[in-house]
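The structure appears below as structure tokens.
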Amino acid sequence: MYIIEMRNITKRFPGIIANDDVTLQLKKGEIHALLGENGAGKSTLMSVLFGLYRQEAGAIYKNGEPVQIQGPNDANRLGIGMVHQHFKLVHNFTVLENIVLGVETTKSGVLQIKEAREKVLALSKKYSFDIDIDKEVRHISVGMQQRVEILKMLYRENEILIFDEPTAVLTPQEIEALMRTMRNMAEEGKSILFITHKLDEIKLVADRCSVLRKGKMIGTINVAETTKEEMSEMMVGRKVLLSLDKEAANPKETILSVRNLTKKGKSGEKGSLKDISFDVKAGEILCVAGIEGNGQTELVYALTGLKNIDGGRVTMEGVDITKAKIRKRTETGISHIPEDRHRHGLVLEYSLAQNTILQTYYKPTHQSLGFLKAREIIAYANRLIERFDIRAGEGAETPARAMSGGNQQKVILAREIDRDPKLLIAVQPTRGLDVGAIEYIHRQLLAQRDSGKAVLLVSLELEEVMNVSDRILVMYEGEIVADVNPKDTTFQELGLYMSGAKRSEVAV
């Protein structure tokens with residue numbers, strides 16, 4: 001008997017069948033991975049199980065008995081909890097307040113916070129979550145926010161735990177800690193459904209894996225008996241190269257030059273830059289690696305004009321842009337794939353077409369006398385859809401919010417590359433994407449390099465860093481502590497640089 005069985009689930013949205021007659025079976029005490037391309041229907045299926053969507057056909061069973069899940073409260077009553085890809089936390093509430101929110105214990109109308117505090121502290125200690133429960137959520141790291149979401153499920157004593165892309169925003173160290181936590185919970189008898197694109201993590205932690213493709217269930221396999229190559233082929237329907245085959249770089253003239261860049265962080269918070277200097281040349285991919293929160297975000301903000309700096313100089317092909325506005329920087333040839341596609345990459349309420357012209361709407365090709373040329377903009381978006389294989393249910397008119405993460409990322413990539421930049425700054429460009437989309441984006445970055453463009457890649461993914469880059473800078477606490485060739489270093493050595501345990505002679 002299965003603890004959860006979803007039989008013949010069908011869920012439709014306008015223009016698309018997200019889940020097409022899907023059956024999924026979860027055993028008690030197992031970690032069951034759900035694998036598939038972006039838009040394959042994984043998150044939709046789990047949203048049906050958690051009560052965020054109602055299926056048009058099919059039924060859900062718990063321990064062999066049919067159950068009705070009208071909403072998340074029904075799911076919680078059945079012991080089903082979910083950690084969403086984009087966390088559902090109130091940022092100006094404390095950790096403790098977020099955990100008890102919705103299941104508060106009251107006595108004569110008074111909140112009984114002491115009992116809740118003791119229970120949360122006990123859970124935090126049991127799972128080795130080193131977290132200050134009185135701190136406001138807005139002041140803790142992304143990794144800590146995820147721990148809050150996990151504690152919410154444990155506090156509610158959920159026995160079926162759904163993790164939607166749980167490692168998409170975590171550092172390698174935080175991923176390792178999460179894997180240990182998941183194994184511990186499974187050993188205690190909890191049953192885990194684990195949506196991911198990362199084949200290494202499936203091999204590391206999952207017992208079984210179900211593969212979805214274009215809304216249909218392709219099959220369920222035992223992870224120990226299946227290779228990563230076989231899983232990736234099941235996912236995308238073709239063989240995928242898990243490593244990038246590329247020619248050696250041929251760097252030419254300097255495109256971007258950064259000298260003595262300094263930014264003071266706010267008191268008590270990370271985010272400073274200390275005397276940063278480096279060059280990016282045409283025809284190379286320079287990667288900035290490091291654990292999140294060590295100044296990479298501040299560096300990108302300084303280069304793109306999103307934040308001012310306190311000292312130093314930035315030049316593009318010899319032209320000083322240190323104090324230039326964002327539009328001026330884009331017009332000098334800088335394109336930017338931002339770290340957070342929802343906050344800085346897209347306007348989610350706008351259509352796909354509108355998002356393709358966010359930086360060029362004022363040009364004569366897209367407007368006349370202050371009025372947008374709707375027909376030309378749609379035609380332009382359709383060309384990008386074709387060229388970059390963007391999949392959207394309503395084509396150019398699709399709201400950005402309704403698109404999968406991978407296709408949202410392709411819209412940003414298409415917009416930034418089509419502007420024919422001299423420098424492409426790509427920050428976490430494959431975060432949360434499947435192996436097929438990752439392969440595609442890596443090839444696009446490589447094509448930019450090979451066409452003589454300069455590429456500045458910022459990544460937390462060590463495999464991506466080693467696979468794609470021609471040169472690696474490592475940042476630690478706002479400084480560049482290493483400048484190395486990927487051919488001359490190892491994952492272990494990079495890890496030492498990233499943790500501050502080692503420094504190299506840094507050359508500009």
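Only a predicted model underlies this, so the values are computations on that prediction, with no experimental measurement involved. The basis for the numbers below is simple: all heavy atoms, side chains too, and nothing from hydrogens, waters or symmetry mates.
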Exercise for the section: For the residue pair T315 and D320, confirm or rule out a side-chain donor-acceptor distance under 3.5 Å. Expected result: no

Exercise for the section: Kindly give the heavy-atom pair with the smallest separation between S124 and L151, and that separation in Å. Expected result: N-CD2, 4.0 Å

Handout entry: Verdict with supporting geometry, K252 and N250, side-chain contact (heavy atoms from CB on, under 4.5 Å)
Key = CA-CA 6 Å; K252 295 176 182 171; N250 182 26; 3.6 Å; yes

Fill in the blank from the handout: Those residues at least two apart in sequence (or on a different chain) that pass ring-ring contact (aromatic ring centres under 6.0 Å, His included) with H84 are F50

Handout entry: Side chain H366, main chain T360, donor-acceptor under 3.5 Å
Key = yes

Problem - Modelled atom types, side-chain donor and acceptor of T226 and E230, under 3.5 Å - result: no

Exercise for the section: Spell out, as yes or no, whether a donor-acceptor pair under 3.5 Å connects the side chain of R329 to the backbone of A324. Expected result: yes

Handout entry: Side chain proximity check, H32 to T220, heavy atoms < 4.5 angstrom
Key = yes

Problem - Atom NZ of K203: over 12 foreign heavy atoms under 6.0 Å - result: yes

Practice task
Using modelled atom types only, decide if a donor and an acceptor are shared between the side chain of E225 and the backbone of N222 within a distance under 3.5 Å.
Solution key: no

Practice task
State, with a plain yes or no, whether a side-chain heavy atom of K453 is found less than 4.5 Å away from one of L423.
Solution key: no

Problem - Any donor-acceptor pair under 3.5 Å from N98 side chain to L89 backbone - result: no

Problem - For the student: nearest non-hydrogen atoms of Y476 and Y497, plus distance - result: CB-O, 4.0 Å

Exercise for the section: Quick one: list whatever passes side chain to side chain contact (heavy atoms under 4.5 Å, CB included) with D488, sequence neighbours left out. Expected result: N485

Handout entry: Axial cation check for F388 ring with R415, 6.0 Å and 45° limits
Key = no

Problem - Approximate separation, where rounding is to 0.5 Å, of S210 OG and I195 CD1 - result: 11.5 Å

Exercise for the section: Report the distance from atom CD1 of I162 to atom OG of S191, rounding to the nearest 0.5 Å. Expected result: 11.0 Å

Problem - SG on C209 to CE on M234, rounded to 0.5 Å - result: 7.0 Å

Handout entry: Heavy atoms from other residues, nucleotides or ligands near CG of N308 exceed 12 (cutoff 6.0 Å)
Key = no

Practice task
Tell me, yes or no, whether the heavy-atom count around N92 atom CG, taken from other residues, nucleotides or ligands under 6.0 Å, exceeds 12.
Solution key: yes

Problem - Side-chain H-bond candidate by donor/acceptor type, S277 with R259, under 3.5 Å - result: no

Exercise for the section: Return yes if some donor-acceptor pair links the side-chain N/O of S335 with the main-chain N/O of I417 below 3.5 Å, else return no. Expected result: no

Exercise for the section: Classify the side-chain pair T262/D310 by whether it contains a donor and acceptor separated by less than 3.5 Å. Expected result: no

Handout entry: Neighbour count above 12 (heavy atom, 6.0 Å) for E247 CD
Key = no

Handout entry: Given L96, V95, V120, the one that forms side-chain contact (heavy atoms from CB on, under 4.5 Å) with V148
Key = V95

Problem - N-O pairing of R383 and E386 below 4.0 Å - result: no

Exercise for the section: Indicate yes or no: at least one non-hydrogen side-chain atom of P429 is less than 4.5 angstrom from one of Q409. Expected result: yes

Problem - side-chain contact (heavy atoms from CB on, under 4.5 Å) assessment of L424 paired with L456 - result: CA-CA 6 Å; L424 176 63; L456 181 64; over 6 Å; no

Practice task
Using a strict 4.0 Å threshold on nitrogen-to-oxygen distance, state whether E284 and R471 make a salt bridge.
Solution key: yes

Problem - Side-chain H-bond candidate by donor/acceptor type, E464 with S459, under 3.5 Å - result: yes

Handout entry: Flag, side chain of D483 to backbone of L473, donor-acceptor distance under 3.5 Å
Key = no

Problem - Closest contact, heavy atoms only, A381 versus L352 - result: CB-CD2, 4.2 Å

Fill in the blank from the handout: Looking only at heavy atoms, the pair that brings G290 and M498 closest together is C-CE, 3.6 Å

Fill in the blank from the handout: Between the OG1 atom in T356 and the CD1 atom in I412, the distance rounded to the nearest 0.5 Å is 12.0 Å

Practice task
Could you tell me whether the side chain of Q354 and the main chain of S351 form a donor-acceptor pair under 3.5 Å?
Solution key: yes

Handout entry: Salt-bridge contact E136-R138 (side-chain N to carboxylate O under 4.0 Å)
Key = yes

Problem - Criterion side-chain hydrogen bond (donor to acceptor under 3.5 Å, both in side chains) on E339 and T297, from CA distance to verdict - result: CA-CA 8 Å; E339 179 177 8; T297 297; 2.9 Å; yes

Problem - Heavy-atom check, side chain of M182 versus side chain of F194, under 4.5 Å - result: yes

Practice task
Indicate yes or no: does K228 engage E233 in a salt bridge with an N to O separation below 4.0 Å.
Solution key: no

Exercise for the section: May I ask you to decide if I357's main-chain N or O and K363's side chain share a donor-acceptor pair within less than 3.5 Å? Expected result: no

Exercise for the section: Please report the closest heavy-atom contact between I150 and L178, naming both atoms and the distance. Expected result: CD1-CD1, 3.6 Å

Problem - Ion pair check, R183 and E187, cut-off under 4.0 Å - result: no

Problem - Side chains of D418 and Y380, donor plus acceptor under 3.5 Å - result: yes

Practice task
Check whether any side-chain heavy atom of T304 sits under 4.5 Å from a side-chain heavy atom of I326, and report yes or no.
Solution key: no

Problem - Check: I425 and I334 side chains under 4.5 Å, non-hydrogen atoms - result: yes

Handout entry: Flag for K281-T254: side-chain donor and acceptor within less than 3.5 Å
Key = yes

Handout entry: Residues E30, R208: salt bridge by 4.0 Å N-O rule
Key = yes

Practice task
For R327 and Q359, indicate whether the former's side chain and the latter's backbone hold a donor-acceptor pair under 3.5 Å.
Solution key: no

Exercise for the section: Please tell me if the side chains of L35 and L212 come closer than 4.5 Å, counting only heavy atoms from C-beta onward. Expected result: no

Problem - Side chains of D470 and K246 in contact at under 4.5 Å (non-hydrogen atoms) - result: yes

Fill in the blank from the handout: Looking only at heavy atoms, the pair that brings I31 and V205 closest together is CD1-O, 3.5 Å

Handout entry: V347 backbone acceptor or donor facing N355 side chain under 3.5 Å
Key = yes

Exercise for the section: Rounded to the nearest 0.5 Å, what's the gap from CG on L204 to CD on E176? Could you check? Expected result: 8.5 Å

Practice task
Salt-bridge test for R401 and E349: reply yes if a basic N is under 4.0 Å from a carboxylate O, no otherwise.
Solution key: yes

Handout entry: Check against salt bridge (charged side-chain N to carboxylate O under 4.0 Å, His left out), K422 and E317
Key = CA-CA 9 Å; K422 295 170 184 174; E317 295 186 303; 2.8 Å; yes

Completion exercise
The side-chain contact (heavy atoms from CB on, under 4.5 Å) partner of M144 among D132, V137, I131 is I131

Practice task
Could you walk me through whether Q444 and R449 pass the side-chain contact (heavy atoms from CB on, under 4.5 Å) test, one step at a time?
Solution key: CA-CA 9 Å; Q444 292 292 332; R449 183 202 78 168; over 6 Å; no

Exercise for the section: Calculate, to the nearest 0.5 Å, the distance between atoms NZ and NZ belonging to K264 and K274 respectively. Expected result: 13.0 Å

